[in-house]
J.: 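Below: one structure in structure tokens.
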Amino acid sequence: MSAVLLRVRALSRRYEGVTALDDVTVTVPEGRVALLGPNGAGKSTLLKCMLGLVRPTSGDIEVLGMDPRRDPLGVRARIGYMPEDDAHLPDLTGVELCAYSAELAGLPPREAIDRAHAALFYAGVDDKRYLPVQGYSTGLRQRTKLAAAIVHDPDLLFLDEPTNGLDPASREEMLALIADVRVRRGCSVVLSTHLLADVDRVCDHVVVLAGGRLLADAPLAELLGTGDGRFLVRVKGDAGAMPRFERELAARGCTAAPSGASLECIVTPAGAGDTDAIWAAAAAASVQVRHLAPRKASLDEAFVKLLA
Amino acid sequence: MSAVLAVAKVSLLRAVRRPSTWWLSALAFVPALLGGWMGALGHGAMSVGAPLLIDVAAPLLAVPWVAGALGEVFERRVAVYWFTRPVPRWAPLLGEWLGATAALSLVLVLGGAMLAVADALTGSATIGSLFRLPAAMITEAAALAGLCIGVAALAPKHPVSVSIAVLAVTEAALPGLWAPMQSISLSRQVGTLAGVDPGASIGSLAGTAPSPSTLTAALVIALFCAVPMGLGARAVIDRDLG
Amino acid sequence: MTPVIEFAGVSKWYGPVLGLRDVSLRLAPGITGLLGPNGAGKSTLLKCMTGEVRPSRGEVRLFGRVVPYDDVFRRVGYAPEIETFFEELTAREFVTHLAVLAGYDGAEAARRAEAVLIRVGLAQALDRPLATYSKGMRQRTKLAQAMVHDPELILLDEPMTGLDPLARAQIVTLIQSLGAEGRTVLVSSHILDEVETMTREIVVLYQGQLLAQGNLHAIRDLIDRHPHHIVLTASDPRALGAALARLECVTAVRFDGADRLEVETRAPDACYAAIPRVATETGVKVRSLTSPDDNLSAVFRYLTTGARGAA
Amino acid sequence: MSAMVPPPNDRSAAAPRGEVHSLSYSRYAGPRRPRSAVPWVVARYAWRVQLRQRGVKVLLLLGGGVLAISGAVLGFAWSVPGMTGGGEADPVRAAEAQAIASSLEAQFIPGFLLVLWCGAGAVAADLNAGAFQFHFARPVSAQGYLVGRVLSGAGLAFALSFATLAVLCAERLAFGSTPLRMALTFAVGAALVTARATLLGVVAAGLSSLTRRKGLAQAMFAAVVFASSFVTRIVAAASDKPWVRALGLSGCVDARAAQWHGTAGLHGALAAVPLLACIGWGVVGAALAWWRVSRAEVMRG
């Protein structure tokens, strides 16, 4: 568990006039790592350096103990990469796409087909696997890309925005799959994303880049901290329910702040951990409480704090 | 009508902004250069340059320029921006045709005029031939633009290869097999209008061609333009676009 | 009053593939969210309105007339989900061109294009070629071209995919202001929370069929019609659990660790109402209450994993 | 493939035993092939897709028609003594020359169109569709990918020409050529057919890697093929220098064929022109492709 996945020392990469990576030094342990940052933060460039597709202007990089500059093909053979954009290989079916991926990684044709079916089964692509990929829905396409990335049994999986464009149910399943890849396969995962909620769910270590510089490199728990004594409350009721509830809360010495969603509020009770007042207020306002839980600092907030 | 003109204008603007347009245009001047050189050596500028311009340069200029660009617009569904405006669906096609014809004509007329000048300088060209070739090039530009736009609307995934395949059949394969088939060749008919001897351009395997007539030439050229355009417009109006 | 949008028994098949099945619906002015998982038929529904696809069966009427008719686009703006434009043009030229096609003369079109591009927040990038635009700027350009001719009906297909949280919030504000101007805005999305911040009126599609339409309450009721798991942490979970087990609406109670219990119910509404009452009666302090099932994604998940007749 | 989970209760050996297999993901411990196999993998999957396309089917049908017609016409001519090669010193040898020339020339338009369809836009389309990152994020080298694309672009055109050659050679065996001479003719013909397909494929791959736009790449390929043959033909005819014809992309292989029959009319130093032109086209195409692919920014963003 404590082995080093990625070691980067003083890594810089400049394109004409643009510094994509600026003196980044980071050591990442095996596990599930999130690579976070706004667009143009240098995430893609770092990924490219790891795959040996881009030569760093200066600095050292080591992936799984190998130097991608010296042996790019060796590194890539042990990495599975799920790109953000659809790699359209027109007219290939799901099975063919996966088998092709496996064969490119050196598996013999028979083994490739066998592994392709296993990977698609694992990723939850059903009978549609015999149809051309371009007709798939977004969710199915993401699953197929995941299957194509794990089909050759890599030791490290790069996922670039794997939940982009997925509906909530598909997103849940995709995240569960990603978590499972680590647990059952012992395969490390690097997740590049801007959807902070994803990170919350599956990662245990976070690397934050902004403007090509390293902003944070820490276990997720450290970044999030613990609760701050406030509660997130969601109620069910008619249009007047929320104002009524807020009045009752105020009458009991609690303060309510808007959370952004319509039937939700963030409540600071008068005494620490005093949920009784909230329940009483709800009863007096005759609203149903559908959600009541201590509010952790969200990654969103941590992120905004880091960027500021 | 103003919609057609607006589309034509933007089509021209887009063509000008594409870098490929500029180096494709260079293709139109190769015949004049080569013709001039051959003319200077005493081999006849027109007999070398004109077939090259009409048979090779013009189609190869028109196909990527018009079919390739418009095919991309259809394939990537960008055309939906046109078709969700209060204009009939054939209007953007007509506008594209107008723009493409104008741009192609400009380049081809220039290429043709330079060749005619080269011919006049090195040979014994009449004053009439100075105008005949450029005028013929306009008709070829219009016909090729129509063909390419029709093909792009009908086969948006493979506009260039289908256009080239169509031209390979009408210009090379069929006329090469059987002499009367030379009548359906666009370049042969444009050559008739331009007053150029077609002998050098078409494979000698097939024997002599039927005698040329300006009326047939005009008819064939018009059909070359109208048939694909009509089929393309029908496809755009009748079919689902999504 | 004629509804702005009216679908009458619309079905659409692409060959044998189902796009929409027997959708009938009427929409009035204001913002409406069009919800559904990937592949539910949201894009097809919008394309039926723009005439991009023709229904295989049934009719679509906009402003009381059957589409497609060319003139409808004087009153309709549409932002498709595609990512490309005429890449050689600048945003100003692109939107001006589309305004001219909408019937304005050159000067008026240019004025409108500039105003609308500034309104969507592209003031800094007006004269840059579209080829250099990022995903977020493309979404804004699409919105601008859909608004430039001041349409009464605006159709937006997934206008918020690929945006970071900040840009998302800006687009939501913009859409809200469009609704406040009295326009009809139909926004497709697969994220309930996203839609919920914009509007209370939603239409839910599932596998090409109309699953629900109306106020969010209707959807809340829909949520209440399938079984819930409710997770509680309490000071004395076993006492609370024993009391809850006596209720008819509770089908199972499970204990997990020292302070957690999980309640399963087939009548969520009654159960949520009963929990605080039972807690007070037994004198147990409930410290938190959460449920993975109290949202729309759970409905979709539930529908997907069988029991199709239940909803 | 599947890890066995021991049955929960195996104390009673007499009880019926069942096994539950885990269906979850398992590691791969099987063989891996050397990286030299990559071009074949790239080509094989490309062919599989090509053969499904309607355009390719039409073109193959066209090529098949050409094969049938030329086989029938030449077979008929050869079966009637004295009908061909009457004026030649060695009619048998002339007929063999005809077999090679037909497989090159009769199949030129179908072959060209096949390379145009399958090969000329392939690299550009890959670049545009993000397939570069698909390939190069896997253990695929630029060389391996390019060789694969040349193979996939020219493969079907080669198959057409080669089939024509094989049919015509078989007919010659039936109509009087000796097996030994036929073997030689066949070997030379095969080399020329291979050269033709390779040159078309390499030039197509090279040109198609210059742009992201598939259509533009295809048009450039058509322009190079037609313009080079047209210009060299006209210049050769106008200036009466037959060696100029051998400079064209299609002319160089045709001239090599003519040289083998002794009908090229190139003497002295000029005799090397066709071979040099072949090599030149190949080198230029390969250099273009290599230059572009090796410096491509593989991932966007």
Side-chain angles (χ1 to χ4, degrees), chain B residues 18-21 23-24 27 30-31 34-35 37-39 41-45 47-52 55-57 59-72 75-76 148 152 155 157-165 167-169 171-173 176-177 199-201 203-205, chain D residues 53-56 58-59 62-63 65-66 69 73 105-122 124-125 128-129 204 207-208 210-241 244:
Chain B
R18 276 193 296 270
S20 60
T21 303
W23 53 262
L24 277 173
L27 204 61
V30 173
L34 194 72
W37 180 40
M38 285 288 118
L41 294 177
H43 302 304
S47 65
V48 173
L52 190 59
D55 294 17
V56 180
L60 291 179
L61 181 64
V63 167
W65 192 336
V66 184
L70 188 63
E72 233 164 70
E75 194 193 358
R76 297 184 169 180
C148 291
K157 278 194 183 154
H158 307 282
V160 169
S161 30
V162 172
S163 304
I164 290 178
L167 287 168
V169 169
E171 305 303 298
L177 277 179
S201 59
S204 50
L205 202 147
Chain D
Q53 292 173 341
R54 211 191 307 163
V56 171
V58 169
L59 289 175
L62 181 74
V66 169
I69 291 172
V73 168
E105 282 163 23
Q107 291 294 9
F108 183 71
I109 289 206
F112 157 73
L113 288 176
L114 273 173
V115 176
L116 179 79
W117 188 287
C118 304
N128 200 32
L207 290 171
S208 85
L210 289 181
T211 166
R212 282 181 167 273
R213 293 169 52 198
K214 183 178 154 199
L216 195 59
Q218 290 174 319
M220 285 196 296
F221 176 64
V224 166
V225 171
F226 279 121
S228 77
S229 88
F230 211 88
V231 169
T232 52
R233 224 164 61 199
I234 288 185
V235 171
S239 61
D240 202 23
K241 292 188 181 97
V244 175

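Below, read A as the first sequence line, B as the second, and so on, with proteins coming before strands; counting in each chain starts at 1.
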J.: CG of D:L62 to CD of D:Q107: how many Å apart, nearest 0.5 Å?
T.: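 Reported value, rounded in 0.5 Å steps: 8.0 Å.
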J.: Do the side chains of B:H158 and D:K214 get nearer than 4.5 Å, heavy atoms only?
T.: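 In contact.
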J.: What part of B:A155 gets closer than 4.5 Å to chain D, counting heavy atoms only: side chain, backbone, both or neither?
T.: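 Contact with chain D: none, neither part.
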J.: So, does D:Q218 use its side chain to make a donor-acceptor pair with the main chain of D:L116 at under 3.5 Å?
T.: yes
J.: Quick one: which of B:A67, B:A168, B:S20, B:A173 has the most heavy-atom pairs under 4.5 Å with chain D, could you say?
T.: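 So the answer, after comparing B:A67, B:A168, B:S20, B:A173, is B:S20.
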J.: Looking only at heavy atoms and a cut-off of under 4.5 Å, which of B:P31, B:S161, B:A57 has the most pairs with chain D?
T.: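 With the most close heavy-atom pairs to chain D, the winner is B:S161.
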J.: In terms of heavy-atom proximity below 4.5 Å to chain D, should B:V56 be classed as side chain, backbone, both, or neither?
T.: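 When you check distances to chain D, only side chain atoms of B:V56 fall under 4.5 Å.
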J.: Checking heavy atoms, do the side chain of B:L34, its backbone, both or neither come under 4.5 Å from chain D?
T.: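 The side chain, not the backbone.
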J.: Hey, does D:L216 have a side-chain heavy atom less than 4.5 Å from the side chain of B:L24?
T.: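 Yes, their side chains come closer than 4.5 Å.
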J.: Checking B:L61 against chain D: side chain, backbone, both or neither under 4.5 Å from a heavy atom?
T.: neither
J.: Side chains of D:Q53 and D:W117: is there a donor and an acceptor less than 3.5 Å apart?
T.: yes
J.: Name each donor-acceptor pair under 3.5 Å that joins a side chain in residues 219-229 of chain D to protein atoms two or more places apart or in another chain, with its distance.
T.:
from	atom 1	to	atom 2	distance (Å)
D:S228	OG	D:V224	O	2.9
D:S228	OG	D:V225	O	3.2
D:S228	OG	D:L249	N	3.2
D:S229	OG	D:F226	O	3.3

J.: At a 4.5 Å cut-off on heavy atoms, which part of D:L113 comes close to chain B: side chain, backbone, both, or neither?
T.: side chain
